[in-house]
**Student:** 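Structure incoming, see below.
Letters A, B, ... are given to chains in the order of the sequence lines, protein chains preceding strands, and every chain is numbered from 1.
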Amino acid sequence: MSKKDLGLLILILVVGAVVAIINPRFLLPINLANTSNLIGLFGILAIGQAFVIITGGIELSVGSVVALLGVLFVDFIATRGMGWPVALPLILMLGGIIGLAHGWLITRLNLQPFVVTLCGLLIYRGVARFYTADGTAGFAFGQNFPELEFLTAGRSYGVPNSFIALIVIAIVMWVVLHRSVFGRYLYAIGKNEEAAKYSGIRTGRVVMAAYVICGVLTALSAIYFAMYTRSISPASHGQFYELYAIAAAVLGGFSLRGGEGSLIGVILGTVLLQELQNLVNLLGIPSSLNFAVMGGVILIGVLVDQQWSVYRERRLMLEATRKGAAGAPAE
Amino acid sequence: MSKKDLGLLILILVVGAVVAIINPRFLLPINLANTSNLIGLFGILAIGQAFVIITGGIELSVGSVVALLGVLFVDFIATRGMGWPVALPLILMLGGIIGLAHGWLITRLNLQPFVVTLCGLLIYRGVARFYTADGTAGFAFGQNFPELEFLTAGRSYGVPNSFIALIVIAIVMWVVLHRSVFGRYLYAIGKNEEAAKYSGIRTGRVVMAAYVICGVLTALSAIYFAMYTRSISPASHGQFYELYAIAAAVLGGFSLRGGEGSLIGVILGTVLLQELQNLVNLLGIPSSLNFAVMGGVILIGVLVDQQWSVYRERRLMLEATRKGAAGAPAE
Amino acid sequence: QDKPTLAFVVNGASDFWKAAEAGVKKAQAELPNYNLELKYPEQSSVAIQQRLMDDLVTAGVKAIMVSAVDPKTSTDGLNKIASETALFTTDSDAPQTKRIAYIGSSNIDAGKQAAEIAKKAMPDGGKCLGFVGLLGADNAKERIEGMKEGLAGTKIELIDVRGDDIDQARAKKNVEDALVASPDVTCMVGFYSYNTPRIYEALRDAGKLGQITVVGFDDDPITLGGVKEGTVAATVVQQPFEWAYQGMKLMAAYLEGDKSGIPENGLIIIPTKIIGKDDVDAYAANLKAMSGN
Amino acid sequence: MCRLGVRFGPAARIDEPCKGRQSADVARTAHRLLSGMMNYSDASIGASTIAPFLSLEGVRKTYPGVVALDGFSLEVRPGEVIGLVGENGAGKSTLMKILGGVTTPDAGTITVDGVAHDGLTVEASIGSGIAFVHQELNLFENLDVAANIFFGREPLRAGPLRLVDRTRLRTLAAPLLKRVGANFSADTPVSALSLAQQQMVEIAKALSIEARLVILDEPTSSLPLAETDKLLDVIKALKADGISVIFISHRLHEVERVADRVVVLRDGMLAGTLPKNAINHDQMVKLMIGRMLKEREKAAESARPPGAVALSAKAVRTSAYPDRPVDLGVRRGEILGLAGLVGSGRTELARVLFGIEKSLGGVLQLDGKDLVLGSAADAVANGIFLVPEDRKLTGILLDLSIAQNISLPNLPAHARRSLVSARAEAVTAEKQKRNLGIKAPSVATRTGTLSGGNQQKVVLAKWLAMSPKVMILDEPTRGIDIGAKAEIYGLMRALADAGVAVLMISSDMEEVIGVSDRIAVMHEGQISGILDKEQFSQENVLLLAVGKQPK
Ligand SMILES: Nc1ncnc2c1ncn2[C@@H]1O[C@H](COP(=O)(O)OP(=O)(O)OP(=O)(O)O)[C@@H](O)[C@H]1O
Ligand SMILES: Nc1ncnc2c1ncn2[C@@H]1O[C@H](COP(=O)(O)OP(=O)(O)OP(=O)(O)O)[C@@H](O)[C@H]1O
Ligand SMILES: [Mg+2]
Ligand SMILES: [Mg+2]
């Protein structure tokens, strides 16, 4: 765990402690379980986003994809009677295809990620709304899918299964991002794509793979969200979720210029954001201030982090010089 | 006018012609006036955004600023009885201050524009909602401000004054961007900030000025929007307007990497977007598809533009080869 | 485009308007000489709705029935439309405009009916918590106000209303958080159509179904299921089907010069109804029949 | 007959320049001849008859408005060190980029191990054992040194996940770093290295490939003497292992020392080939620029004695060595050379003098008055100009035209009522283009398409168009050909004679000694001594550079 992540963890704990002192019910197992459920949902989304951000890209269509795939998933299993073991991989595949399309447009046709995914944001929401004719996709009363519900909305030993899913995904993705060759390429491309190309890396494929990973993880979280709300009005479902995901990554130390950030960071960023939402409700802060609190904390977090790293760099430089000065004459 | 802009203009005319053939009411003066009124409103916003994008930055808080300043403006003149000749410059100044704050955080504290303005997006909307306690700010029945209304929502010789305002602003800003020293600095910074700094340009100040310009123009359009809707529910007013503004700039040939784009382009981009919205309504396309149409057209526009420039470059190179081949043996 | 067009403009995409769509459809069957349309603005915002109506007027629409996003302060915009076409309002009225008539129900009355449900379900009093999409929206404010009026003088109290900005995940989390933050709450009110189902599900997940009185609005299938099951005390339903059906016929008649259907004060109130356990089957059947035609 | 880079006998002679299509035909013939001769292997033919590892035939490459390479042919035999020289923009880098698979030629064939290709891809190039150190650095700042060296060829751990074996990575990297003489460890982040140190990483990277051909495109352009020596040793070691090397440099004495054969490019065409025993400085120059240079890239003597101190640093401390104060004064009318080893803090000092970085203490004085620099703009306003070390990043704006780059620091002077006058810009730029001999189709040409040397001239031009008081040049001739070098030295001298104080930071020993009026030497962030003209010698500079007293 880097020092940056540690700082974020401390912030989370301090905020948690303050809230717990004001309202001890914050620490009730049921509250922690509820919040960790949402951490699971948004965390999966944020990890996907992180893979794209690390390459220096951005994925703005996340919220719309959550709406579109959520609508399709509910429609498939609730209305069209498709079995969920068929629908689930189908949706994941669709997510992958969307990611592939974005990656293709970005790497092969050289379009800017912001532009491609902005168009995605508009198009997918439009398609979702058209698909339901602006209606709501939902389950009928009493319609049940016990195994699916257990996997998505259920709990094991009091821990939401969505949170467990996040942990598993996070571990796998940590290995991929921080230990595998692929992860290393992602970092390299994020910093200097041209140089990576000169080193014989098929940068196009690597970047495309990042978008596919993002697409699949987004699809997965779309299913989780669908099973959480159990009803999706495509005009508003998932709106701004891309901002949550990006905010989580940024809080977690990712640079939108690419090439920086850690998986632990993005998880901690998600945790902090959800803690803030929980806090607004638990402390009875007017809901209208929800966004303002979130924005304020992100800004402060980023500021502190930035100032701190300036300070650290200066200290490091001093130290290095001192060491260098001591060592040099001996050479 | 560059070839890029010309292409966009032709696209606008072709789309217009097709719509006019299907529904001749498209060309009714009243329709053109309505549409050009909105072009005026969104155009002012988009010009502001363009100044920021040219430096390689981005301003995501535009929609929220439109909501916040709109609420304040209406509140000042409708509830607090402030004269509009006082309120108007006050609001413009507030817009400038917001821009200055963003510019300061970005240039002096080295925060990323995306992050700063994302926080702004969250914070300003929260503040606007808190200010009205989630209520609506609007004029009471029969409350009239004849001069103000004439300037903002009125028409001269059938042309909306908002559109005239846009034209005036566009001409001034064209000179600033394309002919002035400041404009050259903006382009230089967008291309390579570091090198600009090494050429003795006070890059921090120039970038800050760009954000201030964006803030002031956003404030102006906030007033126009407020006088157009005459009622502002801060939870939804101006939502996504930053995307419209960014989309207009991108359609108009701006690169989000900075250093590229023309003022005529951003105006034409706005015109195309508003034409599309008008078209959806006039041709009876389900409004659920509105976003999808917009996204689709932006994507196609950007794609065509990109492919075309690839083609042009290739032709240029071929020509060079031919010329070179002819010239070489003679040497 | 020879047939005159009548448009029904809603205030945003929502399932609530599906019934109105059915009403328009039924009216269309009876009005073959007209072209009836129901229009959703792509966003629930004044500017976009205004623009939509401007464009409809341009496209030559003869009469518009609108559920204005913000009727109180949109007087000028609505008057502009009214000056060019026949304008009717629905859902929420704009009495100061030059609209010809209002057809719909009263949200204040609906709030009062919700209070009735609460009083009946909790004779010994209790603490209620409300959930709504947009706290600032007129319909939300009126429903809340109506309910508070109805509860005045009783031992039941509406202690807080939480907003969720029409984000369903937040709507559900709000309920979950409320269960944690206010353990003494005995009743929950879902002011928007999707709030009640989210309350229902959160309570079910927490194993508190039946322990907390749920008062609903509108007729989401889950809400109706809850009413039938007995876990939702009752729900207050509006009749958008009737608004649309009657409204379209009224507009057609008006255009033909028949103004007899318009009362003196211009208000055609189609009252809201309380749907309890006993009425729910009939209501559901009717609903199905309406959308099925 | 037009001869190619193939030697048929021991007789050494300078080949005539070849041109156009003709040369390609001849190359083919030569190739046939050569392969024919293989059957009659003859001791006297020696190394030259070993089948070439790689050969280029009739390669042509054009860019819009420029023919970068024209009908060029070359053969590379195992264990041969080819020196490739030519003026700026002669097409050297273009040629190497074709070999590295980064660009594809318009015409011509590339034969690797007897297999002919129309063009290579990066993978194919690496796959056939070509290692490449690019002229412009290509490192990943966010990765550490080891990761950079083995980038794209990471040692993997067993298993399907393709996980990087990080311990092995470090152990593999350490000896390579030692070999290039690096003073930093394998897990240092690249962002903490100076330009020269980064260049060492690049070289280590090339060595890490099981290469059969190593291409070094100006690897020494920012390496000081000691490190350069080490690199030349490395090249000799490679040769001993039977690995071929193509070595591009504008420092001709380096080429003299290592090359077995020198290939000279002029205007994209082969100007001639020099066999080992004909390699000498003057011949190379003659082939490169078509005439002899009278003066050996030296600046003329100063016309007048130096004046008062213009810019001085008193106990100035920089962030590179915060605890080491620097004292230095540059006099009017002199060229003060600033020498030192890699990372001795010269660039850092220049940045402080130019106001890019804040000094951590001490005072700056200009003409005896205290000077506070808040930004580079302040320095420019005071007539202190800097030609930075890294021109791609900080020197010029690659996307702007030559004229726009030249006017940028002095834009208000090219504007009326703060509106820019394109005509005024063009006039200034044309004048500078003529004065400096910038090779470009016009002043409206994008600077990004110019060769490295011409880009450097644009950087100089933008300052020369204004009137400098103090001119700081950080490695001013990095990557500049000798013809242009002589011109730049002339320009520096002219500046000095006009009363400008010139501070020249350079890692090129010949340049420092040949050009300066005085030499200050930096060691670990401090000025370890200042040499006057009569004390000038390589030995003295080196002694001071390592912190010892001069003789
Ligand atoms: N991407 C490009 N686009 C257009 N022209 C180019 C491009 N790259 C190189 N050129 C042109 O091709 C010619 C050869 O350039 P090259 O970089 O090969 O020269 P060089 O011999 O390496 O010079 P230097 O010694 O300055 O590095 C130059 O005239 C240059 O302007
Ligand atoms: N961005 C940086 N971050 C950390 N350390 C740096 C950075 N830039 C330079 N340094 C360190 O500062 C010291 C001085 O570097 P500087 O570039 O001033 O040296 P120099 O004499 O110009 O040498 P060179 O020949 O490498 O250019 C070196 O030890 C270098 O590693
Ligand atoms: Mg080169
Ligand atoms: Mg240096």
**Student:** Among Leu397(D), Ile396(D), Asn405(D), Leu386(D), which residue forms the greatest number of heavy-atom pairs with chain B at distances under 4.5 Å?
**Tutor:** Leu397(D)

**Student:** Ignoring hydrogens and geometry beyond distance, is a side-chain donor-acceptor pair present between Arg351(D) and Tyr198(B) at under 3.5 Å?
**Tutor:** yes

**Student:** When only heavy atoms count and the cut-off is under 4.5 Å, which of residues 411-424 of chain D reach chain B?
**Tutor:** Leu411(D), Pro412(D), Ala415(D), Ser418(D), Leu419(D), Val420(D)

**Student:** Among Asp378(D), Leu400(D), Val459(D), which residue forms the greatest number of heavy-atom pairs with chain B at distances under 4.5 Å?
**Tutor:** Asp378(D)

**Student:** Heavy-atom cut-off 4.5 Å, strictly under: side chain, backbone, both or neither for Leu393(D) against chain B?
**Tutor:** backbone

**Student:** Among Gly395(D), Ala377(D), Pro409(D), which has the most heavy-atom pairs under 4.5 Å with chain B?
**Tutor:** Ala377(D)

**Student:** For Thr445(D), which residues count as a side chain to side chain donor-acceptor pair (under 3.5 Å) partner, sequence neighbours excluded?
**Tutor:** none

**Student:** Using side chain to side chain donor-acceptor pair (under 3.5 Å) as the criterion, list what pairs up with Ser407(D), not counting sequence neighbours.
**Tutor:** Glu425(D)

**Student:** Quick one: CG on Asp399(D) to CG on Asn192(B), what's the gap to the nearest 0.5 Å?
**Tutor:** 8.5 Å

**Student:** By salt bridge (Lys or Arg N to Asp or Glu O under 4.0 Å), which residues pair with Glu193(B), not counting sequence neighbours?
**Tutor:** none

**Student:** Counting heavy atoms not belonging to Trp174(B), are there more than 12 under 6.0 Å from its CH2?
**Tutor:** yes

**Student:** Answer yes or no: are there more than 12 heavy-atom neighbours, outside Asp118(D) itself, under 6.0 Å from its atom CG?
**Tutor:** no

**Student:** Name the region of Phe354(D), side chain, backbone, both or neither, that has any atom closer than 4.5 Å to a heavy atom of chain B.
**Tutor:** side chain

**Student:** Do you know which two heavy atoms are closest between Gly200(B) and Val380(D), and how far apart they sit?
**Tutor:** CA-CG2, 3.7 Å

**Student:** Please give me the minimum heavy-atom distance between Lys197(B) and Ala376(D), naming the atom from each residue.
**Tutor:** O-CB, 3.4 Å

**Student:** Does the side chain of Arg184(B) reach to within under 4.5 Å of the side chain of Leu408(D), using non-hydrogen atoms?
**Tutor:** yes

**Student:** Please classify the contact between Asn410(D) and chain B as side chain, backbone, both or neither, with a heavy-atom cut-off of under 4.5 Å.
**Tutor:** neither

**Student:** What residue, out of Phe182(B), Tyr185(B), Tyr187(B), has the most heavy-atom pairs lying under 4.5 Å from chain D?
**Tutor:** Tyr185(B)

